[in-house]
2 protein chains.
Amino acid sequence: MAKPDSKTRLLDATLKLVRAKGYAATRVEDVCAEAGLTKGSFFHHFKSKDDLAQAAVAHWEAHTTGFFAEAPYHAGAGPLERLLGYVDFRKAILTGDLTEFTCFAGNIVQEAWRSHPQISGPLADNIVSHGKTLQADIEAAMIQYGVKADWTAESLALHIQAVVQGGFIMAKATGGAAAAAQSLDHLRRYLELTFKGE
Amino acid sequence: MAKPDSKTRLLDATLKLVRAKGYAATRVEDVCAEAGLTKGSFFHHFKSKDDLAQAAVAHWEAHTTGFFAEAPYHAGAGPLERLLGYVDFRKAILTGDLTEFTCFAGNIVQEAWRSHPQISGPLADNIVSHGKTLQADIEAAMIQYGVKADWTAESLALHIQAVVQGGFIMAKATGGAAAAAQSLDHLRRYLELTFKGE
DNA sequence: TGCACCATACCAACTAGTCGGTATGGTGGA
DNA sequence: TCCACCATACCGACTAGTTGGTATGGTGCA
């Protein structure tokens with residue numbers, strides 16, 4: 001595997017460091033060191049730290065979009081299978097260090113929602129729109145299983161994202177991925193109870 | 001209402017600003033300005049920014065402990081009523097600005113779990129132990145309703161916290177408390193389905 | 001008078017961003 | 001083939017501004 005080009009290395013370093021220390025606390029020199037470069041190179045590729053952040057947003061969007069598009073849960077036979085498959089998939093990828101499976105978007109939105117709206121805004125949209133990729137299957141499952149609800153498919157889609165994001169926080173709070181996994185188990189049970197009634 | 005003393009004002013300002021901008025991005029001068037004081041006063045009460053953070057942790061713990069101890073949900077007749085009452089209470093307090101009802105502990109744990117373990121550690125414990133205050137009622141409800149489960153009362157207690165924390169992130173992502181409220185609705189439905197079967 | 005409390009001025013360290021310069025490789029014309 | 005020319009990528013020392021923390025002195029109350 002060839003070493004990625006410098007710009008990509010800087011972006012990957014950013015994703016990693018921000019997830020570990022937050023945006024404000026990651027210095028551009030940290031990013032340079034992590035990428036094995038110097039500030040000269042950094043400011044050749046990005047005109048400011050904020051510019052880096054915006055590029056990292058695009059980098060993250062591209063990365064996650066492709067990652068979930070290729071995920072196996074889309075192959076599920078019916079809408080509910082795909083929905084449960086999504087939850088299983090989110091549980092399956094909870095491996096390695098917390099900085100690896102934790103959500104860059106969630107971190108930024110939590111930390112910088114008010115101080116850096118230009119950066120956190122697109123990431124907020126990213127979380128919401130990623131969640132809504134499940135909406136069609138939820139609607140289909142509601143019809144298929146005759147679920148009469150006082151809630152909307154959209155609200156359930158966002159609830160799933162809330163559990164995912166909350167799981168990450170609990171994982172940090174408990175120091176392990178197990179907390180996030182258990183929360184996804186509860187979410188899965190909720191979905192089964194809701195659609196299959198048991 | 002008498003104006004709180006300076007130290008308390010500094011601590012309250014810290015809680016507010018950290019929830020809005022994160023820990024690293026809130027400067028001590030911001031805290032002073034928010035409290036209507038200057039650095040002289042600040043460093044009279046705290047010997048460093050980290051010292052402030054540690055004091056803010058204690059301040060937060062004292063505040064939340066009292067706040068939830070006095071909450072009405074403890075008056076519920078049975079364990080399930082108290083559990084559902086807790087969820088209702090968490091939903092009821094989602095008023096005002098996001099900086100007011102959002103969780104200081106969750107913010108710090110998300111941002112500083114690795115960079116400032118001395119500060120985030122106690123707050124992580126705080127989230128977990130607060131969650132576990134529900135554990136006894138969950139266990140009692142499991143017995144009362146004859147719930148046979150492959151999950152533990154502790155895991156459900158932590159799941160509830162995950163939904164609460166995740167709801168805050170979704171509230172920031174969508175720009176309103178409604179997302180958090182809807183997530184709590186789904187959580188409530190899960191609890192009812194689990195214990196009452198419908 | 002003494003001390004808790006607070007303001008102003010200041011310092012030292014740190015960090016985002018700048019800038020002059022080097023290395024490498026591509027292109028086109030003689 | 002060779003060389004002038006140029007663009008891209010990169011380095012590392014330096015600058016300017018920020019920020020946590022200090023020093024000093026004033027004010028009001030016991």
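The structure presented is a predicted model; accordingly, all values stated were derived computationally and were not measured. So you know, we letter chains A, B, ... as the sequences are listed, proteins then strands, and number each from 1.
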Worksheet item: Parallel, tilted or perpendicular: which fits the ring planes of Tyr190(B) and His159(B), with parallel below 30° and perpendicular above 60°?
Response: perpendicular
Worksheet entry | Which nucleotide in dC10(D), dG20(D), dA7(C) has an atom nearest any side-chain atom of Ser6(A) | dC10(D)
Worksheet item: Expressed in angstrom and rounded to an integer, what is the separation of Arg27(A) atom CZ from dA16(C) atom C1'?
Response: 11 Å
Fill in: Selection from dG21(D), dG12(D), dT15(C) that lies nearest to any side-chain heavy atom of Ser48(B)
dG21(D)
Worksheet item: Rounding to a whole Å, what distance do you find between Arg9(B):CZ and dC5(C):C1'?
Response: 12 Å
Worksheet item: With a 3.5 Å cut-off and just heavy-atom distances, do the side chain of Lys39(B) and the base of dA7(C) make a donor-acceptor pair?
Response: no
Worksheet entry | Rounded distance (Å) that lies between atom C1' of dC19(C) and atom CZ of Phe42(A) | 17 Å
Worksheet entry | Nucleotide dA16(C), atom P - distance to CG of Leu52(A) in whole Å | 11 Å
Response to the item:
By nearest-nucleotide position on DNA chain C, the 5'-leaning member of Thr26(A) and Gly40(A) is Thr26(A)
Item to complete: Check the distance between dT22(D)'s C1' and Lys47(B)'s NZ and give it to me in whole angstrom.
Response: 15 Å
Fill in: From dT19(D), dA7(C), dT18(C), nucleotide with atom closest to Leu37(B) side chain
dA7(C)
Practice prompt. Please tell me if the side chains of Ile108(A) and Trp113(A) come closer than 4.5 Å, counting only heavy atoms from C-beta onward.
Written response: no
Worksheet item: Between His45(A) and Ala25(B), who's closer to the 5' end of DNA chain D by nearest nucleotide?
Response: His45(A)
Practice prompt. Anything under 30° is parallel, anything over 60° is perpendicular, the rest tilted; go ahead and classify His130(B) against Phe68(B).
Written response: tilted
Item to complete: Check Asp5(B) against Thr8(B) and note the closest heavy-atom contact, atom names and distance.
Response: OD1-OG1, 2.7 Å
Practice prompt. May I ask you to evaluate whether His44(B) reaches the phosphate of dA7(C), defined as a side-chain N or O under 4.0 Å from OP1 or OP2?
Written response: no
Discussion item. I'd like to know if Lys49(A) reaches the base of dG17(C) with its side chain, counting only an N/O donor and acceptor under 3.5 Å.
Written reply: no
Fill in: Closest non-hydrogen atom pair, Ser183(A) against Ala162(B)
OG-CB, 3.3 Å
Worksheet item: Phe46(B) has an atom CZ; how far is it from atom P of dC6(C), in whole Å?
Response: 11 Å
